[in-house]
Trainee: 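Have a look at this one.
Predicted model only: the values in this text are computed from it and were never measured. Order of appearance sets the numbers: ligands from 1, and atoms from 1 within every ligand. Every heavy atom of this structure was used, including side-chain atoms; hydrogens, water molecules and symmetry mates were not.
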Amino acid sequence: VSPPVLAVLGGTGSLGLALARRWSAAGIPVVIGSRDAARAAAAAAALGTELAGRPGHAPVRGTDNRRAARQADVVVVSVPYEALASTAEAVGGELAGKTVVSAVVPLRPPRTAVVWLPPAGSAAAELAMGLPDARVVAAFQNVAAAKLAVLDAPVRGDVLVCGDDRDAKAQVVDLAGRIGLRALDAGPLANAGVVEGLTALLIGLNRRHRATTSIEITGLDRSGP
Ligand SMILES: NC(=O)c1ccc[n+]([C@@H]2O[C@H](COP(=O)([O-])OP(=O)(O)OC[C@H]3O[C@@H](n4cnc5c(N)ncnc54)[C@H](OP(=O)(O)O)[C@@H]3O)[C@@H](O)[C@H]2O)c1
């Protein structure tokens, strides 16, 4: 079975580009989306050059967010919360029936270390309300782009996956696993607010400890103590 084609909306940014780099290196074709097709094409070309010598990598293309969504089976939304509504509106019609992964963390700068959630309960729930025909899953909010960006360094940290569609969640768990991240089914989309809120805590920890933190769930290994 050929791997799904992934689109990363906002794929020119820190997290989106890091995910695109990892998935492409793992042999999964990626379309980088942007508000500006030329910017996406430039980012894809640079990534293609970087990956050229790597056996097993898949092609990366770049285009505007709408075309990227149209060309993909699974669409990752990786834009700042302020851009969520406008991005969803720009691509909405292309997402019906697709797995749509929200990595968005609702933050209110400058207080980015304080948990703030939108009235819907989470950015992912807000996205799902506007996309009744899409299978919205929340994931990747607690991974650090800076760590993901360095291809040959393994990334520590668990990915908590929330959503109301079992198959879509399983697809996202698999996609995370392909880039070396352990992903765990964290229940329904109604739980996404907790996962998104954790990122504000991590941002505070990062500041206080001058570190790049992520989360790991313990106790799952039954052979352990
Ligand atoms: N950075 C991390 O370590 C990290 C980790 C976990 C989760 N997240 C979350 O993932 C999302 C993306 O994070 P990021 O750090 O990659 O963000 P970013 O670099 O600031 O932005 C990502 C992309 O979104 C687009 N964008 C920016 N402002 C926009 C606007 N006003 N309207 C429409 N599009 C806009 C831009 O793409 P174009 O200009 O090309 O359209 C930009 O390259 C955020 O919600 C963030 O909270 C980030």
Trainee: Nearest to atom 43 (O) of ligand 1, what protein heavy atom do you find, and at what distance?
Mentor: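 Its nearest protein heavy-atom neighbour is T12 OG1, 2.8 Å.
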Trainee: Using a 3.5 Å cut-off on N or O atoms only, is A144 in polar contact with ligand 1?
Mentor: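 In this structure, A144 places no N or O atom under 3.5 Å from an N or O of ligand 1.
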Trainee: Measure the distance from atom 19 (O) of ligand 1 to every protein heavy atom, then report the residue, atom name and distance (to 0.1 Å) of the closest one.
Mentor: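 It is S14 N, 3.2 Å.
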Trainee: So between A85, P80, A123, A83, whose heavy atom ends up nearest atom 27 (C) of ligand 1?
Mentor: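 Answer by nearest heavy atom: P80.
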Trainee: Could you tell me which non-hydrogen atom of K98 sits nearest to which non-hydrogen atom of A69, and how far apart they are?
Mentor: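 Distance-wise, the nearest heavy atoms are NZ-O, 2.7 Å.
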Trainee: Answer with yes or no whether E82 contacts ligand 1, where contact means a heavy atom under 4.0 Å from a ligand atom.
Mentor: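 No heavy atom of E82 comes that close to ligand 1.
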Trainee: Counting both backbone and side chain atoms, is some N or O of A145 under 3.5 Å from an N or O of ligand 1?
Mentor: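 Yes: some nitrogen or oxygen of A145 is under 3.5 Å from one in ligand 1.
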Trainee: Below 3.5 Å, N or O to N or O, backbone or side chain included: is there any such pair between Q141 and ligand 1?
Mentor: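 In this structure, Q141 places no N or O atom under 3.5 Å from an N or O of ligand 1.
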Trainee: Kindly confirm or rule out an N or O of D36 lying under 3.5 angstrom from an N or O of ligand 1.
Mentor: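 No: no nitrogen or oxygen of D36 is under 3.5 Å from one in ligand 1.
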Trainee: Does E216, at its CD atom, have more than 12 non-hydrogen atoms belonging to other residues, nucleotides or ligands within less than 6.0 Å?
Mentor: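 Atom CD in E216 is crowded, with more than 12 foreign heavy atoms closer than 6.0 Å.
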Trainee: Do ligand 1 and N65 have nitrogen or oxygen atoms that lie under 3.5 Å from each other?
Mentor: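 Between N65 and ligand 1 (N or O atoms, distance only) the closest approach is not under 3.5 Å.
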Trainee: Any donor-acceptor pair under 3.5 Å linking the side chain of K169 with the backbone of G163?
Mentor: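 Checking the backbone N and O of G163 against the side chain of K169, a donor-acceptor pair under 3.5 Å is found.
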Trainee: Is there a path of hydrophobic side-chain contacts, each under 4.5 Å between heavy atoms of I, L, V, M, F, W or Y residues, that connects L202 with V143?
Mentor: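 The answer is no; the residues belong to distinct hydrophobic clusters.
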Trainee: Minimum distance, heavy atoms only, to atom 14 (P) of ligand 1: which one of V77, L15, L84 is it?
Mentor: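 Heavy atom nearest to atom 14 (P) of ligand 1 belongs to L15.
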Trainee: With distance as the sole criterion, is a donor-acceptor pair present between the side chains of T199 and N142 under 3.5 Å?
Mentor: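 Yes - a donor-acceptor pair under 3.5 Å links their side chains.
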Trainee: What residue and atom, counting heavy atoms only, is the protein's closest point to atom 7 (C) of ligand 1, and at what distance?
Mentor: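 Ranking protein heavy atoms by distance from atom 7 (C) of ligand 1, first comes A103 O, 3.5 Å.
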Trainee: Are more than 12 heavy atoms, taken from residues, nucleotides or ligands other than R39, located less than 6.0 Å from that residue's CZ atom?
Mentor: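 More than 12 heavy atoms, drawn from other residues, nucleotides or ligands, come within 6.0 Å of this atom.
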Trainee: Below a 4.0 angstrom heavy-atom separation, can you tell me which part of R35, side chain or backbone, both or neither, approaches ligand 1?
Mentor: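 Under 4.0 Å from ligand 1, R35 contributes backbone and side-chain atoms.
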Trainee: Side-chain contact, heavy-atom cut-off 4.5 Å: D64 with D36?
Mentor: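 They are not in side-chain contact.
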Trainee: Looking only at protein heavy atoms, which one is nearest to atom 47 (O) of ligand 1, and what is the separation?
Mentor: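 Its nearest protein heavy-atom neighbour is V105 CB, 3.3 Å.
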Trainee: Among all protein heavy atoms, pick the one closest to atom 44 (C) of ligand 1 and tell me residue, atom and distance.
Mentor: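 So the nearest neighbour among protein heavy atoms is V79 O, 3.3 Å.
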Trainee: Is there a nitrogen or oxygen of G13 sitting under 3.5 Å from a nitrogen or oxygen of ligand 1?
Mentor: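 Yes, there is a polar N/O contact under 3.5 Å.
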Trainee: Answer yes if the side chains of T213 and R208 hold a donor-acceptor pair under 3.5 Å, and no otherwise.
Mentor: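 Note: T213 and R208 side chains miss the donor-acceptor criterion.
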Trainee: Looking at non-hydrogen atoms alone, which of V143, V76, D64 comes nearest to atom 5 (C) of ligand 1?
Mentor: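 Checking each option, the heavy atom nearest atom 5 (C) of ligand 1 is found in V143.
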Trainee: Are I215 and V173 in one and the same hydrophobic cluster, where Ile, Leu, Val, Met, Phe, Trp and Tyr link if side-chain heavy atoms are under 4.5 Å apart?
Mentor: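 No; tracing contacts between hydrophobic side chains, which count when under 4.5 Å, never links both residues.
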Trainee: Which heavy atom of A168 sits nearest to which heavy atom of V137, and what is that distance?
Mentor: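 Nearest heavy atoms, A168 then V137: CB-CG2, 3.7 Å.
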Trainee: Look only at interatomic distance and state if R39 has a nitrogen or oxygen under 3.5 Å from any nitrogen or oxygen of ligand 1.
Mentor: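 Yes; at least one N/O pair falls below 3.5 Å.
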